[in-house]
Amino acid sequence: MQNVYIYNDTFESLLNLCEILLKNKIKPFNIKTINYQASLFENTIKLDINNDVDIIKKFVNILGVSNFKIIYYVFLANENNKEIIIYYYLLNYFKYRDRINKMRNLKCVSEALRISSKVSRENHRFKGFTRFKELKNHVLYAEINPDNDILELLAWHFTKRLANENFIIKDINRDIMVIYDKKNIQLFSSEDVNFNELMLSTDEDFFQNLWQVFYQTIGIKERKNLKCRRNFMPKKYWQCILEVRNEL
Amino acid sequence: MNIKEKLTILADSAKYDASCSSSGSKRQSNFGNTSISGICHSFASDGRCISLLKILLTNICIFDCKYCINRRSNNVKRAIFTPEEICDITINFYKRNYIEGLFLSSGIIKSPDYTMELLIKTVELLRNKYHFGGYIHAKAIPGVSEILLKKLGSLVDRLSANVELPTSSSLKLLAPNKEINKVEKIMDYVKENRNKSFVPAGQSTQMIIGATQETDLDIMQKSANLYEKYNLKRVFYSAYIPVNQDALLPSLKMPPLKRENRLYQADWLLRYYHFKVTDILDAQNPNFNIMVDPKASWALKHLEEFPKEINSCSYYDLLKIPGIGVTSAKRIIASRKYFKLSFADLKKMGVVLKRAGYFITCNHEFLIKKEFLQKKFIEANLVLEEERPSYHNIEQLSLF
């Protein structure tokens with residue numbers, strides 16, 4: 001039988017599980033979340049874990065910030081085998097230490113680096129592609145549809161950029177949202193937030209319209225290149241991007 | 001005239017400026033900041049990035065440059081923004097995350113100093129009244145007094161002055177009011193005074209490609225010269241688009257986009273790949289091969305230097321290999337100390353084996369049979385690789 005170890009969806013819980021597995025020299029066949037449907041040849045195991053609340057701090061201290069960031073970004077990715085990649089990355093970290101990211105001949109390392117830069121790239125893209133609407137109470141509201149779970153990363157970017165604004169960003173693929181009140185950010189599941197119909201500020205239509213006028217004007221007709229545009233701004237994101245939404 | 005009409009006119013006449021980068025500056029305020037790597041917010045129908053609100057303050061101009069849509073003798077609708085109007089649009093676009101900041105240029109109204117004062121007034125309002133911390137790129141107007149240049153430079157992230165044409169004879173021909181020494185005076189001043197509170201993101205410039213007779217060699221030499229002399233961040237190349245009828249201008253059906261692309265590739269070779277202009281162009285071959293990129297065409301001319309052994313050649317040698325960029329070269333150097341790299345490892349590091357395969361060995365093994373590695377074969381494959389037709393372009397071939 002192949003042993004699949006189960007964790008409860010959070011990054012902390014995954015790290016706690018990995019710590020135990022590593023300590024006891026257990027090599028799992030795979031690591032999956034609670035609602036995993038095991039196949040015939042798999043045996044799911046849920047360990048009784050005393051969750052260490054300081055586990056994040058502990059791993060940051062062990063790995064250093066930049067390596068920790070790599071596995072955290074992998075965790076945020078929409079990838080099938082991300083947990084086992086994280087496990088093997090950690091396992092090899094204790095062998096190679098600071099050299100770990102140079103060992104690209106190891107599958108776990110090359111995959112971890114590939115996935116983490118994919119997440120980081122999508123986060124960077126959304127720093128540009130996110131479109132806020134201004135609501136009547138001057139709150140800025142945006143909806144995004146990223147492949148990976150970048151909502152929190154993105155929110156940190158906007159807390160620095162728009163420190164003095166209230167904003168809400170909703171990930172419509174995951175039905176979660178983040179709310180910033182000029183001080184802190186908080187994550188919610190969309191069900192937990194009571195949203196009446198969005199009342200837009202009086203200026204909103206005017207500026208949305210003005211932006212679309214600008215967008216139409218700034219492209220040079222003689223250089224038209226829609227393929228190039230799609231390369232940089234994939235169609236899958238257009239739904240949430242004001243100026244191209246109507247071209248879908 | 002309402003704001004919408006003004007924006008249409010003044011964005012339309014600003015669109016020919018190629019620069020839209022928002023990188024190189026670290027600024028933080030309660031309303032807005034800049035990102036050191038720059039952020040693209042959208043992409044226009046021509047595939048160019050939209051990062052900044054790119055507009056002219058006015059398209060009124062006392063100059064009569066032949067190639068320019070805004071030249072004095074053209075009968076086009078003219079408009080002028082007030083500084084308050086520009087601030088209002090910038091702030092509201094920025095808040096909604098449409099843009100990374102403002103790129104403010106202008107036609108020359110009344111005099112260079114008068115125009116600069118209007119630009120300064122606008123940027124001053126943004127920075128001091130609205131406490132705007134986003135990116136600002138402003139054009140410096142040639143012929144401006146030093147005191148105004150100093151003031152504008154202390155408010156913006158990037159300044160630029162366009163040389164427009166690679167030689168002064170072309171400039172005399174097409175832009176009789178423009179003097180190259182006035183542009184160079186600005187560049188010199190910015191270079192001498194640049195620090196973290198004066199033009200922190202550095203300066204750039206732009207050249208129009210294909211409006212005059214210069215060869216690629218002339219253009220690249222001018223660029224190399226500008227990079228060296230004034231420490232420019234970027235030289236932008238803008239394929240000439242015929243907007244005016246004039247006996248002195250060439251009549252082109254299509255802007256020379258491929259040529260522009262080759263110039264950008266060569267520009268990168270100068271700045272990041274340790275190439276010199278004389279490595280890639282000379283008096284016998286003063287223009288780039290349109291079919292093959294400049295690095296590949298250098299490699300084809302120097303086949304005697306290849307193949308290079310990935311596990312032992314120097315960093316500079318790695319950079320000379322088509323299909324290997326700065327990032328993958330650095331990864332190779334970092335990793336090969338610890339294990340011998342195979343072709344599969346190279347692929348994972350981002351090396352484009354379809355190009356590099358003809359020029360390298362891994363542990364003295366070839367990817368392609370050695371007998372095939374003839375100049376003609378490699379060249380044909382590199383051309384095909386670049387010209388791979390997309391599905392949309394394949395036309396059904398008729399038998400008859």
Side-chain angles (χ1 to χ4, degrees), chain A residues 96 99 101-107 109-111 113-114 124-134 140 142 157-158 160-165 167 203-204 206-211 213-233 241-244 247, chain B residues 3-4 7-9 11-12 14-16 28-33 35 37 39-51 53-55 89 92-100 131 133-134 239 241-243 254-255 257 331 334-342 344-345 348-349 390 392:
Chain A
Y96 294 106
R99 281 184 292 151
N101 294 331
K102 291 166 184 148
M103 307 312 292
R104 284 173 186 263
N105 53 343
L106 302 174
K107 195 169 179 211
V109 175
S110 67
E111 281 292 277
L113 292 173
R114 179 184 68 80
H124 183 81
R125 271 180 162 165
F126 271 93
K127 288 178 186 175
F129 293 162
T130 303
R131 296 283 174 271
F132 286 106
K133 295 173 187 162
E134 193 183 48
L140 298 170
H157 164 76
F158 285 112
K160 285 186 219 114
R161 171 152 295 191
L162 302 170
N164 265 355
E165 307 283 330
F167 66 76
D203 287 352
E204 187 53 29
F206 175 74
F207 284 109
Q208 284 195 11
N209 191 266
L210 203 60
W211 169 243
V213 166
F214 177 77
Y215 180 78
Q216 293 304 331
T217 313
I218 207 73
I220 299 177
K221 282 194 297 298
E222 293 86 343
R223 300 180 63 116
K224 190 169 173 177
N225 190 343
L226 298 180
K227 198 175 153 203
C228 177
R229 174 174 72 165
R230 264 200 325 274
N231 279 343
F232 287 117
M233 192 161 63
I241 302 176
L242 172 67
E243 64 272 22
V244 284
E247 287 183 50
Chain B
I3 294 283
K4 204 160 136 185
L7 184 67
T8 311
I9 294 169
D12 193 55
K15 72 184 176 194
Y16 298 102
Q28 178 68 53
S29 84
N30 274 337
F31 183 69
N33 63 1
S35 154
S37 60
I39 296 173
C40 295
H41 286 248
S42 192
F43 291 86
S45 54
D46 51 20
R48 299 189 306 162
C49 142
I50 302 173
S51 168
L53 172 64
K54 193 192 294 182
I55 49 170
I89 302 176
N92 275 290
F93 278 12
Y94 191 83
K95 197 158 76 176
R96 291 167 175 78
N97 203 41
Y98 301 160
I99 53 167
E100 193 64 14
H131 306 287
I241 295 165
V243 289
M254 278 287 290
L257 295 176
R331 285 178 184 164
S335 290
R336 72 181 185 191
K337 274 185 264 177
Y338 304 110
F339 62 94
K340 282 238 183 292
L341 303 183
S342 68
D345 296 325
K348 279 186 230 151
M349 291 178 172
S390 71
H392 306 288

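Chain A is the first sequence line, chain B the second, and so forth, proteins listed ahead of strands; every chain is numbered from 1. Heavy atoms only: backbone and side chains are in, while hydrogens, waters and symmetry mates are out.
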Closest heavy-atom pair, A:Arg229 versus B:Phe43, reported as atoms and distance to 0.1 Å, is CD-O, 3.4 Å

When the 4.5 angstrom heavy-atom criterion is applied to A:Glu204 and chain B, the contacting part is both

If one checks every heavy atom of A:Ile218 against chain B at 4.5 Å, the contacting part turns out to be both

Okay, A:Phe206 and chain B: the region with an atom under 4.5 Å from a heavy atom over there is side chain

Worksheet item: Taking side chain as C-beta onward, heavy atoms only, is B:Asn97 less than 4.5 Å from A:Phe158?
Response: yes

Assert top hit (heavy-atom pairs under 4.5 Å, partner chain B, pool A:Lys160, A:Arg104, A:Met233, A:Lys224) equals A:Arg104

All heavy atoms of B:Ser45 vs all of A:Gly219, minimum pair found to be OG-CA, 3.9 Å

If one checks every heavy atom of B:Asn30 against chain A at 4.5 Å, the contacting part turns out to be both

B:Thr8 meets the side-chain hydrogen bond (donor to acceptor under 3.5 Å, both in side chains) criterion, sequence neighbours left out, with none

Okay, A:Glu247 and chain B: the region with an atom under 4.5 Å from a heavy atom over there is neither

Next on the checklist: Using a strict threshold of under 4.0 Å (side-chain N to carboxylate O), is an ion pair present between A:Arg161 and B:Glu100?
Outcome noted: yes

Okay, B:Ser37 and chain A: the region with an atom under 4.5 Å from a heavy atom over there is side chain

| request: State, with a plain yes or no, whether a side-chain heavy atom of A:Arg131 is found less than 4.5 Å away from one of B:Ser42. | output: yes

Assert top hit (heavy-atom pairs under 4.5 Å, partner chain A, pool B:Gln28, B:Arg336, B:Lys337) equals B:Gln28

| Do the side chains of B:Arg331 and A:Leu113 get nearer than 4.5 Å, heavy atoms only? | no

Applying a strict 4.5 Å limit to non-hydrogen atoms, the region of B:Phe93 in contact with chain A is side chain

Checked A:Trp211, A:Phe126, A:Phe232, A:Tyr215 vs chain B; the most non-hydrogen pairs under 4.5 Å come from A:Trp211

Between the NE2 atom in B:His41 and the CD atom in A:Glu243, the distance rounded to the nearest 0.5 Å is 10.5 Å

Can you find a heavy atom in the side chain of B:Leu257 that is under 4.5 Å from one in the side chain of A:Arg223? yes

In terms of heavy-atom pairs under 4.5 Å with chain A, the winner among B:Asn92, B:Asp12, B:Ile89 is B:Asn92

Applying a strict 4.5 Å limit to non-hydrogen atoms, the region of A:Glu222 in contact with chain B is both

So CZ of B:Arg48 and CG of A:Asn225: to nearest 0.5 Å the spacing works out to 11.5 Å

If you tally heavy-atom pairs under 4.5 Å between each of B:Asp46, B:Leu7, B:Asp345, B:Ile39 and chain A, the highest tally belongs to B:Asp46

The interface call for A:Arg99 against chain B, heavy-atom contacts under 4.5 Å, is side chain

Hits for salt bridge (Lys or Arg N to Asp or Glu O under 4.0 Å) against B:Lys95, two or more places apart or cross-chain, chain-then-number order -> A:Glu134

Honestly, the part of B:Leu53 sitting under 4.5 Å from a heavy atom of chain A is both

Looking only at A:Ile220, A:Thr130, A:Asn209, the option with the highest number of non-hydrogen pairs under 4.5 Å against chain B is A:Ile220

Applying a strict 4.5 Å limit to non-hydrogen atoms, the region of B:Ala344 in contact with chain A is neither

What one should report as the nearest heavy-atom pair of B:Phe339 and A:Lys102 is CE2-O, 3.3 Å

